[in-house]
Amino acid sequence: MDKMFLKQSACIIATLIMLTLLGCSCSCCKSQSDRLDDSATMALDSFRHCHYMALSEVVGEDGHRSEQYAYANLLSHHATVGQLAEIANTDTSRIARLWAFRILLKKADKQVLDVLKQALNDTTYVQLMSGCERFIELYNRAAIYVYNYDYEKLKLSDQLRFSADSLIFFGYMKKYGFDDVVFVNFKPHKIYYATIEEEADKGNEAILPLLAKYQNLNDRQRINKLLKASLKENGEMTYSCREAIRTWSDPTFEWYAKAVCQAAVKKQDYYIDDYLPLLWAYPATWSYQILEDILSEKKDLASDNEFTCNKEQTLDFLAEQVRTQPPHPLFRPLYDKYLMKKD
């Protein structure tokens with residue numbers, strides 16, 4: 001009887017030990033994101049039901065505040081950086097991944113590099129929204145958009161920012177092509193220059209905005225060659241050329257600004273916003289005349305089509321410029337005649 005009792009007791013104890021070990025094992029197998037508290041779990045589940053990521057806080061034609069920012073606030077306060085990194089790398093929702101990445105960026109945590117490195121190889125499609133614009137992008141580009149959108153506000157260390165920039169330059173741009181809109185906050189560094197120079201010599205126009213940031217006098221001929229080739233092929237201003245000249249308004253590039261601006265105002269369907277930076281950058285008789293023609297029109301130059309704001313946009317642009325610097329003496333009469341009247 002005693003032996004039977006002891007045998008049964010031993011079996012019960014062994015079973016309890018096994019169940020305890022199994023429970024511990026299952027607990028260890030749980031991912032960090034499975035151990036989120038209720039608030040973080042609710043935020044994560046909310047992101048998983050979103051069909052797009054809101055880049056801007058205010059979205060839609062009605063200008064409402066996106067609820068995604070409230071979810072992000074919850075996740076930021078209730079998830080550890082380790083949990084955020086796991087979500088950013090493995091969550092089933094690409095929207096949740098992007099938001100976790102964004103939060104890590106704002107926390108300036110070094111794990112953003114591993115997250116970004118993995119994201120740059122992901123070519124799944126995802127939807128983004130900024131203001132009223134909703135668009136579809138590959139996930140790797142979407143991750144770069146997120147990085148760029150908050151770039152100036154991020155409190156990253158110089159080394160962390162440089163490492164992230166280099167990942168994008170060598171891990172995305174060199175691999176997938178030097179897209180002229182994907183890396184607007186690029187900071188020139190000597191480590192990139194040889195690659196940029198090589199692309200320019202291949203005739204890659206998209207590299208122009210990056211090349212112009214170096215403002216190397218020896219590159220003026222190289223840039224002019226690309227500007228000429230672009231104008232010959234396109235017959236009008238392109239984004240790459242405009243951004244290059246906005247970045248570096250060297251006198252040797254004035255011929256391009258003059259050609260594209262004069263060609264544009266002869267048409268009806270153009271946005272003056274695209275050309276105003278070039279007109280302002282090159283005070284001359286030709287640029288003064290274009291501005292004067294726009295401002296003196298009683299009926300807007302583009303009043304018969306969808307581009308109906310040229311005159312007001314020009315006034316607003318000039319007003320904004322003179323808030324930070326006095327107008328060039330050549331443009332002073334325009335200021336006295338039109339902006340003083342508006343004030």
Side-chain angles (χ1 to χ4, degrees), residues 43-44 46-61 63-69 71-72 75-76 84-106 111-154 156 161 163-187 192 199 204-210 238-240 242-243 271 273-274:
L44 183 57
S46 297
F47 279 134
R48 287 170 177 166
H49 286 88
C50 293
H51 298 296
Y52 64 85
M53 180 193 184
L55 284 172
S56 59
E57 188 168 0
V58 176
V59 295
E61 293 183 2
H64 68 275
R65 185 178 187 274
S66 172
E67 65 279 3
Q68 293 184 23
Y69 277 73
Y71 306 152
L75 196 59
S76 177
L84 289 168
E86 184 176 297
I87 294 168
N89 281 326
T90 65
D91 199 84
T92 54
S93 165
R94 291 301 194 279
I95 306 304
R97 288 192 190 191
L98 286 173
W99 267 109
F101 173 54
R102 190 177 202 177
I103 295 168
L104 282 173
L105 281 169
K106 291 183 177 181
Q111 292 184 80
V112 297
L113 296 177
D114 291 331
V115 173
L116 180 59
K117 186 176 182 179
Q118 180 171 312
L120 293 178
N121 294 315
D122 191 336
T123 53
T124 307
Y125 283 101
V126 64
Q127 289 191 61
L128 304 173
M129 191 164 189
S130 179
C132 296
E133 183 182 6
R134 188 165 172 171
F135 54 100
I136 298 175
E137 278 292 357
L138 295 173
Y139 185 81
N140 50 15
R141 285 172 58 90
I144 298 173
Y145 271 105
V146 169
Y147 177 59
N148 280 336
Y149 194 86
D150 298 321
Y151 193 88
E152 298 300 334
K153 297 178 182 178
L154 296 176
L156 306 179
R161 193 183 295 271
S163 297
D165 288 354
S166 297
L167 260 179
I168 295 172
F169 186 87
F170 293 110
Y172 177 87
M173 299 177 80
K174 196 169 182 179
K175 183 177 180 180
Y176 293 103
F178 290 83
D179 191 314
D180 55 15
V181 300
V182 79
F183 203 15
V184 294
N185 293 303
F186 173 83
K187 304 296 183 186
Y192 313 128
E199 289 297 316
N204 186 351
E205 179 191 326
I207 208 70
L208 269 173
L210 306 187
T238 64
Y239 175 90
S240 299
R242 184 193 70 192
E243 290 305 300
Y271 283 113
D273 268 359
D274 293 337

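Residues: numbered from 1 along the sequence shown.
Counting only N and O atoms by type, the side chains of Asn121 and Tyr172 include no donor and acceptor under 3.5 Å apart. No donor-acceptor contact under 3.5 angstrom links the side chains of Glu57 and Ser66, judged on distance only. Tyr145 and Ser130 share no donor-acceptor pair across their side chains, judged by distance under 3.5 Å alone.
Leu154 has its side chain within reach of Tyr147: a pair of non-hydrogen atoms, C-beta onward, lies under 4.5 Å apart. Annotation: side chain of Tyr52 is in contact with side chain of Val59 (closest heavy-atom distance under 4.5 Å). Contact check for Val58 versus His64: no side-chain heavy atoms found under the 4.5 Å cut-off. Residues Asp150 and Lys106 are in side-chain contact: their nearest non-hydrogen atoms beyond the backbone lie under 4.5 Å apart. You'll find the side chain of Phe101 stays beyond 4.5 Å of the side chain of Leu84, heavy atoms only. Two residues are said to be in side-chain contact when any heavy atoms from C-beta on lie closer than 4.5 Å; Leu138 and Asp122 fail this criterion.
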Inset, instruction - Could you give me the CA-CA distance, side-chain angles and deciding distance for Arg134 and Gln127, then say whether side chain to side chain contact (heavy atoms under 4.5 Å, CB included) is met? - result: CA-CA 7 Å; Arg134 188 165 172 171; Gln127 289 191 61; 2.8 Å; yes

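Without hydrogens or angle criteria, Gln68 side chain to Ala54 main chain gives a donor-acceptor distance under 3.5 Å. Thr90 places a side-chain N or O within 3.5 Å of a backbone atom of Glu86 that can act as its donor or acceptor partner. Looking at Arg97, its side chain does come within 3.5 Å of a backbone N or O of Asp91 through a donor-acceptor pair.
Atom CZ of Phe47 is separated from atom CH2 of Trp99 by 5.5 Å, given to the nearest 0.5 angstrom. Rounded to the nearest 0.5 angstrom, Ser56 OG and Glu133 CD are separated by 10.0 Å. To the nearest 0.5 Å, the span separating CD on Glu61 from SG on Cys132 amounts to 5.5 Å. Considering CG of Asn89 and CD of Gln111, their distance stands at 8.5 Å, rounded to 0.5 Å. Remark: Leu120 CG to Met173 CE distance equals 11.5 Å, nearest 0.5 Å. For the atom pair OH of Tyr151 and CZ of Arg161, the computed distance is 5.0 Å after rounding to the nearest 0.5 Å.
When the salt bridge (charged side-chain N to carboxylate O under 4.0 Å, His left out) test is applied to Asp274, the partners found at least two apart in sequence or on another chain are Arg242.
Salt bridge absent: Lys187 and Asp165 never bring a charged side-chain N and a carboxylate O closer than 4.0 Å.
Between Tyr192 and Phe186, the ring planes lie tilted relative to each other; the angle falls in the 30° to 60° range.
Geometrically, Arg141 does not engage Tyr125 in a cation-pi contact, judged by NZ or CZ lying under 6.0 Å from the ring centre and within 45° of the ring axis.
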